[in-house]
Protein chains: 2
Amino acid sequence: MQESIWNAIHADEPPATTPFASNCPSRVVLDHVTSKWGVLVVVALSRRSMRWGELHRYVEGISEKMLAQTLRLLEGDGFVLRESQGTVPPRVDYSLTERGRELGELLIPLVQWVSDTVARTDQPLRASA
Amino acid sequence: MQESIWNAIHADEPPATTPFASNCPSRVVLDHVTSKWGVLVVVALSRRSMRWGELHRYVEGISEKMLAQTLRLLEGDGFVLRESQGTVPPRVDYSLTERGRELGELLIPLVQWVSDTVARTDQPLRASA
DNA sequence: CCACTAGCTTACCGAAAAGTGGGTACCCGC
DNA sequence: GCGGGTACCCACTTTTCGGTAAGCTAGTGG
């Protein structure tokens, strides 16, 4: 176990093990999981595994390219499991790994909260774009 | 209160109140708070308010432009409070609003978990870039 | 009196992300 | 044999992101 990021916040210079340090590898993964589509894909797969086409229809507005790219990225990071049945027509199932499920449990409250907060706000949340 | 995003996941078509729908306004805010620098700034401000220069030094690698842009965005979304004492040389304090603090409590576990997971992983987490 | 500081803003430009349109392979139903 | 469905990949273009550099204000140290 490593230091809490709270310790980092106390210090003037953050330790290299937290994403506040520019050379920390966690920044890369953090970028992946907080990417525009990455969040939605992980949350979508949190409930149940889905096929390619299902995901594409479900995460509205994502292009095929971005879906493929996002899935490959998340697979590379060990969050998503890709299972291709060798059948024709092709059928590929995507699901979360154990690590992906852990991530989902952190992302779901975030998405839920943002969604709720925006919906609840009477005055527009943003003054400018 | 609105529907849980879980209901959305059960349905074939997600309701317009969740970020799965392409026209949902929460997508915009979600993009802000999950942006590369947005996450780090909110988490940094979660512990204590900071001045411009402090933040700039603390969130390593962020350019002045990006810091200003991120802060303006988060201020527009109501997450960050900007207090400029009219003194010269200028002194500006940034802190989280109540809403910002709520957000921080969701982001901290995420950052912590990613940081821990990456640090704990022996084999490289990502197969490809 | 000149440089230096803090906290920005704006203009400019290259890089990277993301959208578009096409193609592929294979089989099925008509 | 033609079109449609599935799950992609590749090339091209557009859009956005993000970094560099300069400028601005006003007081302060040398």
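Rounded to whole angstrom, the span from the CG atom of B/Asp31 across to the C1' atom of C/dA17 amounts to 13 Å. When rounded to the nearest whole Å, the span between NE2 of A/His56 and P of D/dG5 equals 14 Å. Atom NE2 in A/His32 sits roughly 14 Å away from atom P in C/dA16 (whole-Å rounding). The separation between B/Leu73 atom CG and D/dC17 atom P is 9 Å, rounded to whole Å. In this structure, the CD atom of A/Gln85 is 19 Å from the P atom of C/dC26, given to the nearest Å. Taking atom CD of residue B/Gln69 and atom C1' of nucleotide D/dC17, one finds them 8 Å apart after rounding to whole Å. In this structure, CE of B/Met50 is placed 16 Å from P of C/dA6, rounded to the nearest angstrom. Regarding B/Leu40, its CG atom lies at a distance of 12 Å from the P atom of D/dG18, rounded to whole Å.
The side chain of A/Arg82 lies closest to D/dC8 when the candidates are D/dC8, D/dT6, C/dC8. Among C/dT20, D/dG5, D/dG19, the nucleotide with an atom closest to any side-chain atom of B/Ser63 is D/dG19. Listed candidates were D/dA7, D/dG18, C/dA18. Nearest to the side chain of B/Met66 is D/dG18. For A/Trp37, the listed nucleotide lying nearest its side chain is C/dG19; candidates were D/dG18, C/dT9, C/dG19. You'll find that the side chain of B/Ala68 is closest to C/dC8, out of C/dA18, D/dA7, C/dC8. Among the nucleotides C/dG7, D/dC12, D/dT6, the one closest to any side-chain atom of A/Arg51 is D/dT6.
B/Met50 and B/Val92 fall within the same hydrophobic cluster, where Ile, Leu, Val, Met, Phe, Trp and Tyr residues are linked whenever their side-chain heavy atoms come under 4.5 Å apart, directly or through other members.
Positionally, the nearest nucleotide of DNA chain C for A/Ile62 lies more toward the 5' end than for the other of A/Pro90 and A/Ile62. Each of A/Lys65 and A/Leu71 was assigned the nucleotide of DNA chain D with the nearest heavy atom; the assignment lying further toward the 5' end belongs to A/Leu71.
A salt bridge links B/Arg101 to B/Glu98: at least one charged side-chain nitrogen sits closer than 4.0 Å to a carboxylate oxygen.
Of the side-chain N and O atoms in B/Arg91, none sit less than 4.0 angstrom from OP1 or OP2 of C/dT5.
A side-chain donor-acceptor contact under 3.5 Å links B/Arg27 to the backbone of B/Pro19. In this structure, B/His32 contributes its side chain and B/Asp77 its backbone to no donor-acceptor pair below 3.5 Å.
The residue A/Glu64 sits close to a base: some heavy atom pair falls under 4.0 Å.
B/Ser49 approaches B/Tyr94 most closely through the heavy-atom pair CB-O, 3.0 Å.
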